[in-house]
Amino acid sequence: MTLDTVKHAEQTPDTPLPWAELGLKPDEYERIVEILGRRPTGAELAMYSVMWSEHCSYKSSKVHLKQFGEKAPQSDAMLVGIGENAGVVDVGQGYAVTFKVESHNHPSYVEPYQGAATGVGGIVRDILAMGARPVAVMDPLRFGAADHPDTKRVLPGVVAGIGGYGNCLGLPNIGGEVVFDSCYQGNPLVNALCVGVMKHEDIHLAKASGTGNKVILYGARTGGDGIGGVSVLASETFEAAGDSASGRGKTAKRPAVQVGDPFQEKLLIECTLEIFREKLVVGIQDLGGAGLSCATSELASAGSGGMRVELDTVPLRDATLSPEEILMSESQERMCAVVEPQHVNRFMEICEKWDVIATVIGEVTDGDRLEIFWHGEQIVDVPPRTVAHEGPVYQRPYARPEWQDTLQADDAAKLPRPASGDELRAAVLRLIGSPNQASKAWVTDQYDRFVLGNTVLSQPEDAGLIRIDEESGLGVAVATDGNGRYAKLDPYTGAQLALAEAYRNVAATGARPLAVTDCLNFGSPEDPSAMWQFAEACRGLADGCLALGTPVTGGNVSFYNQTGDVAIHPTPVVGVLGVIDDVTRRTPIAFAEEGQLIYLLGETREEFGGSAWSQVEHDHLGGLPPAVDLEREKLLAEILIAGSRDGMIDAAHDLSDGGLVQALVESCLKGGKGARIVIPDTASDSGSAAGDPFVTLFSESAGRAVVAVPRSEELRFTDMCGARGLPATRIGVIDGDALAVQGEFTIPLDELREVFEGALPALLG
Amino acid sequence: MSTRIGVVTFPGTLDDRDALRAVRIAGAEPVSLWHRDKSLKQVDAVVLPGGFSYGDYLRAGAISRFSPIMELIIAGAKEGLPVLGICNGFQVLTESHLLPGAMLRNNHLHFICRDQKLRVENANTAWTCDYTAGDEISIPLKNIDGRYTADERTLDQLEAEGRVAFRYVGMNPNGSLRDIAGITNEAGNVVGLMPHPEHAVEPLVGTGRTDGLGFFTSILKRLISA
Amino acid sequence: MARVVVDVMLKPEILDPQGQAVQRALPRLGFDGISGVRQGKRFELEVEGPVDEAALTRIHTMAETFLANTVIEDFIVKVES
Amino acid sequence: MARVVVDVMLKPEILDPQGQAVQRALPRLGFDGISGVRQGKRFELEVEGPVDEAALTRIHTMAETFLANTVIEDFIVKVES
Ligand SMILES: Nc1ncnc2c1ncn2[C@@H]1O[C@H](COP(=O)(O)OP(=O)(O)O)[C@@H](O)[C@H]1O
Ligand SMILES: [Mg+2]
């Protein structure tokens with residue numbers, strides 16, 4: 001096989017290249033030729049094709065994501081915004097926190113364990129690359145129907161993979177989501193979030209500057225992982241250059257599956273943190289999707305000069321890899337650093353201490369080209385910005401699907417409702433025993449939530465809460481939420497509901513929401529309906545973030561979550577980060593003290609579109625999702641935060657899917673105490689639902705929470721709510737060992753527990 | 001002079017920071033030890049903390065058992081150096097044959113993380129003397145290879161000699177034989193257990209209980225009175 | 001009763017962190033001269049009835065669909081004598 | 001280069017939940033006639049130089065002290081042809 005050098009490319013302008021097989025469109029290929037003034041070499045083609053893919057270039061989503069910047073609320077907390085590996089937020093006392101959520105959906109369907117494991121690994125390296133010590137992970141998950149046979153393949157594998165990787169890394173898993181819906185049958189969603197902490201001065205960026213500085217690749221050896229597509233370059237085309245008809249079969253097809261090595265990643269983390277401590281790097285980038293292509297072009301593009309790389313110095317796991325494959329390989333657990341020459345020795349010593357392989361593969365040049373050599377011959381000569389930051393941008397057509405009206409007209413209000421106390425009781429048990437509403441302990445018990453010794457709150461609390469300073473008690477809370485059913489009914493509102501819920505969850509722990517990350521999981525951008533859902537969700541999220549004053553700091557887009565023509569529900573997953581000055585003030589969900597008063601905050605309206613009740617009892621999805629009032633969410637959050645800070649509330653639980661009764665069951669079971677509830681009947685206090693037990697218990701109106709108030713604090717608390725204009729309705733008292741709704745039903749805690757905790761084990765074994 | 005307690009970090013150790021913190025909270029001086037160290041830095045006792053040393057590849061503890069520092073610890077333990085192995089540390093101790101038996105995959109085959117109740121069966125060891133035999137404590141348990149196994153003769157001997165230091169109460173979380181959660185050597189200086197006392201030393205974090213602090217106050221008491 | 005063994009190994013091109021960790025440890029333990037280690041699984045199956053063509057075909061299917069994850073693993077079926 | 005295989009299996013008296021889980025799943029998947037399943041490990045070692053008596057002795061020691069934990073596991077060493 002002849003090496004396709006730059007010179008060779010100049011001399012053989014007519015050689016046909018497999019750009020179409022690599023996913024490039026004719027006009028995209030034309031642009032590459034235009035940029036280079038000649039045909040690309042195989043290596044250049046490999047780089048452009050992967051960097052211009054949807055996954056790396058955001059070519060369909062960019063025009064919509066722009067709003068997150070344009071509509072960003074004024075925030076002093078934002079230290080690093082969208083565009084870097086992850087956003088960075090000031091949390092006070094000199095600390096900065098970085099967090100981001102990312103998807104690994106498609107790989108997790110193919111190989112659940114490794115797909116999910118490497119999803120965790122990838123997001124952790126993103127956080128590490130910002131200069132931060134990763135301190136926690138979370139995992140928002142969506143699966144097909146709980147009783148579908150393939151769910152029994154995918155779910156246990158995904159959960160074991162997340163646990164297997166995260167536990168071995170020593171990162172506490174502090175929360176996530178597990179949602180079942182048949183729309184995810186062929187397209188499970190595996191999103192992974194990581195939080196990292198650093199001091200302000202430790203923030204690092206992915207850029208290569210300073211002529212003569214060395215480019216060091218360190219971590220695992222490079223193998224053939226995840227390069228399925230590009231092997232065509234190594235095989236047919238060039239093998240048979242000028243004779244493409246011969247079609248001679250060649251090397252084994254490279255594995256598209258990446259295998260994770262969490263032990264290697266743990267070493268990489270500790271090694272990198274030690275390198276940061278000694279201030280040995282100028283710029284740093286993790287290797288994720290698109291591997292070295294991405295790392296080298298992004299570092300060079302963001303820096304001031306050019307870069308020269310000797311590709312044959314890359315340590316390999318498989319000696320037969322071609323240069324194109326090395327550039328494309330997605331082997332895990334690798335990082336790339338730019339280091340001043342006088343620091344290289346120390347850098348290498350630290351790597352040696354941690355048994356991490358490190359190699360100087362190139363250096364920063366004073367030009368403006370990214371040049372890559374293979375045994376002395378030049379195979380890449382490109383302007384790095386054109387690869388990394390100036391990919392194609394599409395204005396995909398989008399249109400509101402015609403079925404949207406029909407769907408919204410199919411109002412959930414018409415569904416038959418439980419009429420008697422006994423029927424209500426039965427409906428409660430079916431609700432909390434349904435896969436989506438039942439305890440997720442089967443999943444979360446497989447995750448280490450204690451490691452690092454700073455976990456203040458974790459599952460099943462509203463948000464995960466981590467102490468970041470032992471002396472002062474400074475902490476951060478993170479929650480992720482997303483409801484595909486709501487978003488299907490109305491993607492604009494659905495995205496805002498996801499945001500509002502995560503925001504509320506963070507506030508419920510007593511933390512002040514500061515910033516947002518998001519993972520937007522949608523169908524094909526080439527389908528105008530899915531594209532409309534995406535556009536609406538982005539608009540909703542951007543408007544919502546502006547209203548709440550919480551900027552989007554980063555996130556991820558996952559398109560093509562569809563099988564044939566059938567897409568998943570549009571599923572924007574939103575993560576909100578908050579700060580709490582003193583973690584001893586945190587509010588848990590548990591009802592722990594008998595005699596404390598239970599207050600319902602916010603207004604309850606008759607809102608059942610997309611509700612858990614409509615799904616569990618009627619397998620119904622139609623109507624409109626609950627209305628969003630972001631001013632109200634802000635007010636609720638202020639009350640929850642003040643209540644926690646000033647010791648007025650001892651428990652708080654946000655209300656979301658499943659409504660009031662779901663929250664009451666969870667708070668009772670967590671605290672091991674019952675509750676006596678009286679359905680409020682004064683309309684002014686509790687909204688339009690007053691007096692109707694079904695609506696009060698099952699409606700999913702947003703902007704609500706339940707809190708437990710010590711009797712001694714009642715007056716102070718209700719005064720505060722009254723003065724601020726937040727409806728606060730006393731609905732009962734913590735008491736006994738049953739959930740009793742006066743005049744309707746009583747369910748002993750033991751019975752609730754059996755149903756709530758028994759459901760997933762019964763399904764998953 | 002203050003009491004120096006060493007905490008070993010192997011590649012892949014995770015709970016070393018927590019163990020160091022627990023030592024500090026108990027009032028001793030925490031000393032970090034590195035797996036390649038050729039000296040024990042004059043510590044009075046050693047903790048082998050939890051985690052996944054060498055990724056738990058091959059078998060949990062099998063690779064770290066051969067590190068340079070383990071040679072010193074094995075020799076020291078035989079002369080009476082107090083050694084506490086927690087989780088992965090316990091696995092290292094059985095792999096080193098400082099404690100009998102072996103740890104296998106949990107019988108349900110899953111990683112399990114829970115607040116686990118134990119009974120302190122032997123309150124005479126270097127690491128349990130601040131407890132009373134029969135005390136029930138709750139501390140976090142988190143592992144996938146936590147099923148304690150030994151042959152019948154060894155088990156009988158352990159029982160007969162009072163060397164079962166901790167037993168699971170209420171629920172056996174992994175199929176450990178005779179509900180064994182932790183054991184001690186004959187001399188009582190080497191103790192290993194699967195659950196994590198170092199995660200239960202502060203009221204706020206972890207499970208919110210401080211039932212694990214006694215391990216660290218025990219050793220302090222023992223060393224000071226010695 | 002006959003015994004059939006199914007050996008399942010990661011495909012050669014797939015990263016084998018376990019084998020790699022073992023290999024790296026060997027020199028430290030004083031074992032030289034091993035240039036590669038791969039770690040896989042071995043299943044020993046006790047088969048009722050005769051191990052004929054039909055039985056082996058069934059076991060092959062079982063290995064392919066269940067014992068091995070053919071996305072990342074290869075397997076072989078052997079009759080133990 | 002020669003290949004030596006070390007098979008490591010749990011001793012017969014030790015409970016093997018992995019093997020049992022496989023065995024229990026088989027009938028559900030439609031595979032009958034398997035009365036027992038044990039799951040163990042298989043190590044494939046690439047040996048530099050000749051695989052003579054001396055090399056095999058060394059590998060045997062390695063298996064005994066490292067690859068297998070003889071408290072719970074048995075092993076055998078085989079030269080692959
Ligand atoms: N996959 C998961 N990983 C970790 N924690 C999870 C996961 N799924 C659910 N949880 C946790 O379980 C609890 C209940 O989840 P959920 O009912 O979805 O909460 P909410 O409705 O408040 O968002 C939360 O603490 C959540 O963080
Ligand atoms: Mg919640």
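Bear in mind the structure is a predicted one, so any value in this text is a computation, not a measurement. In what follows, chains carry the letters A, B, and so on, assigned in the order in which the sequence lines appear, proteins first and then strands, with residues in each chain numbered from 1.
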Checking [X] against chain B: side chain, backbone, both or neither under 4.5 Å from a heavy atom?
{"X": "A/Arg449", "result": "both"}
{"X": "A/Gln264", "result": "neither"}
{"X": "A/Leu452", "result": "both"}
{"X": "A/Val159", "result": "neither"}
{"X": "A/Leu171", "result": "neither"}

Next on the checklist: Would you say that more than 12 heavy atoms from the other residues, nucleotides or ligands in this model lie under 6.0 Å from the NZ of A/Lys673, or not?
Outcome noted: yes

Next on the checklist: Looking at A/Glu754, I'd like to know if its CD atom is crowded, meaning that more than 12 non-hydrogen atoms belonging to other residues, nucleotides or ligands lie closer than 6.0 Å.
Outcome noted: no

Checklist entry - Roughly how far apart are B/Arg17 CZ and A/Asn454 CG, rounded to 0.5 Å? => result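 The distance works out to 9.5 Å.
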
Item to check | Between CZ on residue B/Arg24 and CD on residue A/Glu470, distance to nearest 0.5 Å | outcome: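 Between B/Arg24 CZ and A/Glu470 CD, I get 5.0 Å after rounding to 0.5 Å.
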
Is it the backbone or the side chain of [X] that comes under 4.5 Å from a heavy atom of chain A, or both, or neither?
{"X": "B/Glu198", "result": "neither"}
{"X": "B/Arg21", "result": "side chain"}
{"X": "B/Thr13", "result": "backbone"}

Checklist entry - Do the side chains of B/Phe111 and A/Asp448 get nearer than 4.5 Å, heavy atoms only? => result yes

Checklist entry - Taking C-beta and beyond as the side chain, do B/Asp56 and A/Phe263 meet within less than 4.5 Å on heavy atoms? => result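 No, their side chains stay 4.5 Å or more apart.
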
Report the option among [options] that has the most heavy-atom pairs separated by less than 4.5 Å from atoms of chain B.
{"options": "A/Lys266, A/Lys353, A/Glu270", "result": "A/Lys353"}
{"options": "A/Gly473, A/Cys168, A/Gly170, A/Gly765", "result": "A/Cys168"}
{"options": "A/Val451, A/Leu465, A/Ile269, A/Thr584", "result": "A/Val451"}

Next on the checklist: Heavy-atom pairs under 4.5 Å with chain A - which of B/Cys113, B/Gly206, B/Gly55 has more of them than the others?
Outcome noted: B/Cys113

Item to check | For A/Phe450 against B/His199, the heavy-atom pair lying closest together | outcome: O-CE1, 3.5 Å

Next on the checklist: Evaluate A/Val456 against B/Val205 for side-chain contact (heavy atoms from CB on, under 4.5 Å), listing each step before the verdict.
Outcome noted: CA-CA 5 Å; A/Val456 179; B/Val205 292; 3.9 Å; yes

Checklist entry - A/Asp445 and B/His110: side-chain contact (heavy atoms from CB on, under 4.5 Å), yes or no, with the steps? => result CA-CA 9 Å; A/Asp445 282 357; B/His110 290 134; over 6 Å; no

Next on the checklist: Run the side-chain contact (heavy atoms from CB on, under 4.5 Å) test on A/Asp261 and B/Tyr57 for me, step by step, so that the C-alpha distance in whole Å, both residues' side-chain angles and the decisive distance to 0.1 Å come before the verdict.
Outcome noted: CA-CA 10 Å; A/Asp261 180 352; B/Tyr57 297 151; 2.6 Å; yes

